Every structure is written in structure tokens, then in C-alpha cells.
J.: 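The structure that follows is given in the form of C-alpha cells.
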Amino acid sequence: TNAIPAEALAVDKVTLNFIRFGTAKTWTRMHIMNRIFGTFVARLKMDYLPGRHCSAHYAIYSKSQLPKNAQQRLEHYLRFGQSWQRFWLTATHLGLSMQPSMATVIFCYYGNHHTSFTSDLKMCKRAQDLAQNIRELNMPFADLDQLMSMGRIGVPLSRELVARSIRHPLHKLIFKKMQRAEASGE
């Protein structure tokens, strides 16, 4: 399977069944469910309540402007990834758990750059509002393009690992088209 283990969502069975029903079969069903119910239940169970019970929320900004050169920007992201991994491993060593909020960072980027990521103009406006709110709440003097990560951190309610995503070997992660191209020397 290529799905996140249901237990990793940390929601009750009623919510899990609601999510499964809404996301099963067709995009149309999910679209209708989102229009009728919104994403309220999922946000409540997976974001709002855990966010209220965590020890702290964090936002990590790059100290410097992102390089304009693509190669240098890639190196910048890789160096940040190394630092972020050290931060995460140190937190884990101290008995803390981290939950990144990458969707927030991504939609903040879209909103800050007025990126049309969907045909739903209300969602594009919400991304712009998100960017404005983060600009005001976090660091009004910081460039949102320097926002690298956000999330929450704290002492977990339970130290027992219920579910983990499966880490597939690299050869299973490479797309077949890419494998054929490499085999033919392209």
C-alpha cells in the first residue's frame, strides 16, 4: 500500500471512518464532503487539539536570503535539512516529539507569491490570508521566503509507537520511466 498507516493519524475510529468514507472511491465524493463539512473534523482532531496540548509551536527562518542561483538554493535547502534533522534528533533524544506543519509553510509560500495552486479562488485567498497572518504573528521583520519550517514540539502523551510509515528501499521508490531512461543511457 502507498498510504499513511491509519493509526499514524492519531484520530478516533469514528473520525477515521468519516475520513475513509470521504476520501474513498472518487474525487467527487471528497469534493462534496469538503463542501458540506469542510475539513473541520480533520483539522480539529489532527491540528487544533494536538496544537493546544503541545508544549510549544516553532517557526524556523533562514538567517540569510535564499540564493537566486538554483544550485546554491538547492545547497542551502540541503544544509537546512541537515540542521533540521539535528534539531529533530536532539529533541527526540531529550524525550520530546515533533510534528512538522509543512502544509502551512507550503500554503504560506503560495499565498505570499499569489500562486494559483487551485481553481478555487477562495482557497487562493485563504492562502494569501495565511501568509499575512504568519507575517504578523511570527516575525513581522522577516522575509516569508526565509520561512523554512513550522510545527509543534512537546512531551508525547504516550511513548508507545502505534504506527510508522513504511520505509521502502530506494529501488522501489524510483519511477519505472526513470529506471528505463537510466537503463537506456538517456
Side-chain angles (χ1 to χ4, degrees), residues 1-11 42-43 46-115 117 127-128 130-179 181-183 186:
T1 182
N2 62 354
I4 297 171
E7 296 83 9
L9 297 176
V11 295
R43 286 184 293 141
M46 293 188 287
D47 289 325
Y48 181 74
L49 292 176
R52 293 276 299 157
H53 296 287
C54 74
S55 299
H57 292 265
Y58 66 86
I60 301 173
Y61 286 79
S62 174
K63 290 190 288 186
S64 59
Q65 293 286 331
L66 293 180
K68 301 291 185 211
N69 175 286
Q71 179 64 35
Q72 291 173 339
R73 193 168 47 252
L74 177 62
E75 291 170 9
H76 183 86
Y77 286 138
L78 289 172
R79 281 193 306 277
F80 169 74
Q82 291 170 329
S83 298
W84 191 36
Q85 186 174 33
R86 278 192 299 275
F87 174 53
W88 198 324
L89 290 171
T90 301
T92 302
H93 178 74
L94 295 172
L96 301 172
S97 291
M98 282 180 51
Q99 178 61 52
S101 299
M102 294 311 297
T104 306
V105 175
I106 292 164
F107 287 111
C108 178
Y109 177 88
Y110 290 159
N112 191 43
H113 291 273
H114 301 277
T115 302
F117 59 91
Q128 291 170 12
L130 172 67
Q132 182 60 35
N133 289 339
I134 289 175
R135 188 178 294 110
E136 291 170 2
L137 289 174
N138 281 338
M139 298 173 71
F141 54 87
D143 183 350
L144 283 183
D145 284 338
Q146 292 174 246
L147 178 60
M148 303 298 283
S149 174
M150 295 179 73
R152 55 185 184 257
I153 188 168
V155 178
L157 294 175
S158 170
R159 300 218 183 267
E160 180 183 334
L161 286 176
V162 178
R164 293 202 53 104
S165 297
I166 296 168
R167 285 160 176 78
H168 294 287
L170 182 61
H171 73 274
K172 285 189 172 185
L173 300 174
I174 297 175
F175 293 106
K176 298 292 182 203
K177 187 176 180 180
M178 185 183 277
Q179 289 174 337
E182 287 178 355
E186 291 178 21

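The first residue of the sequence shown is numbered 1, and numbering continues consecutively from there. Treat the numbers as computed from the prediction; the structure is a model and nothing was measured.
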J.: Can you sort out the partners of His113 under side-chain hydrogen bond (donor to acceptor under 3.5 Å, both in side chains), two or more places apart, ordered by chain and number?
T.: Asp145
J.: Any side-chain donor paired with an acceptor under 3.5 Å for Gln82 and Arg79?
T.: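 There is no such pair between these side chains.
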J.: First locate atom CZ of Arg152, then atom OH of Tyr58, and finally report the distance between them rounded to the nearest 0.5 Å.
T.: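 One finds 9.5 Å between CZ of Arg152 and OH of Tyr58.
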J.: Determine, step by step, whether His57 and Met150 satisfy the side chain to side chain contact (heavy atoms under 4.5 Å, CB included) criterion, reporting the C-alpha distance in whole Å, the side-chain angles of both residues, the deciding distance to 0.1 Å, and the verdict.
T.: CA-CA 7 Å; His57 292 265; Met150 295 179 73; over 6 Å; no
J.: Which atoms form the tightest heavy-atom contact between Met102 and Ser149, and what is the distance?
T.: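 What the structure gives for the nearest pair is SD-OG, 4.4 Å.
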J.: What are the two closest heavy atoms between Gln65 and Asp143, and how far apart are they?
T.: OE1-OD2, 3.2 Å
J.: With side chain to side chain contact (heavy atoms under 4.5 Å, CB included) as the test, would you mind laying out the steps for Cys108 and Leu147 before giving the verdict?
T.: CA-CA 9 Å; Cys108 178; Leu147 178 60; 4.1 Å; yes
J.: Where is the tightest heavy-atom contact between Ala127 and Phe107, given as atom of each residue plus distance?
T.: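 Smallest heavy-atom distance, with atoms named: CB-O, 3.5 Å.
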J.: Do Glu136 and Gln132 have side-chain N/O donor and acceptor atoms under 3.5 Å apart?
T.: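 Side chains of Glu136 and Gln132: pair found under 3.5 Å.
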J.: Search all heavy atoms of Ser64 against all heavy atoms of Gln146 and return the closest pair with its distance.
T.: O-NE2, 3.3 Å
J.: Find the distance between CD1 (Ile134) and CG (Leu130) and round it off to the nearest 0.5 Å.
T.: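 If I round to the nearest 0.5 Å, the distance is 4.0 Å.
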J.: Can you establish whether the number of heavy atoms outside Tyr48 located under 6.0 Å from its atom OH is more than 12?
T.: no
J.: Quick one: pull up CG in Leu89 and CE in Met98 and give me the separation to the nearest 0.5 Å.
T.: 9.5 Å
J.: If you round to the nearest 0.5 Å, how far is CZ of Arg52 from CG of Asp47?
T.: 14.0 Å
J.: If you draw a 6.0 Å radius around OH in Tyr109, do more than 12 non-hydrogen atoms from other residues or ligands fall strictly inside?
T.: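 It does not: Tyr109 OH has 12 such atoms or fewer within range.
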J.: If I take atom CD1 from residue Ile153 and atom OG from residue Ser55, how far apart are they, to the nearest 0.5 angstrom?
T.: 8.0 Å
J.: Can you name the closest pair of heavy atoms from His53 and Leu49 and give their distance?
T.: CD2-O, 2.8 Å
J.: Can Ile60 and Phe87 be said to form a side chain to side chain contact (heavy atoms under 4.5 Å, CB included), step by step?
T.: CA-CA 11 Å; Ile60 301 173; Phe87 174 53; 4.1 Å; yes
J.: To check you understand the geometry: which heavy-atom pair defines the closest contact between Ser101 and Gly151, and what is its length?
T.: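 Smallest heavy-atom distance, with atoms named: OG-CA, 3.6 Å.
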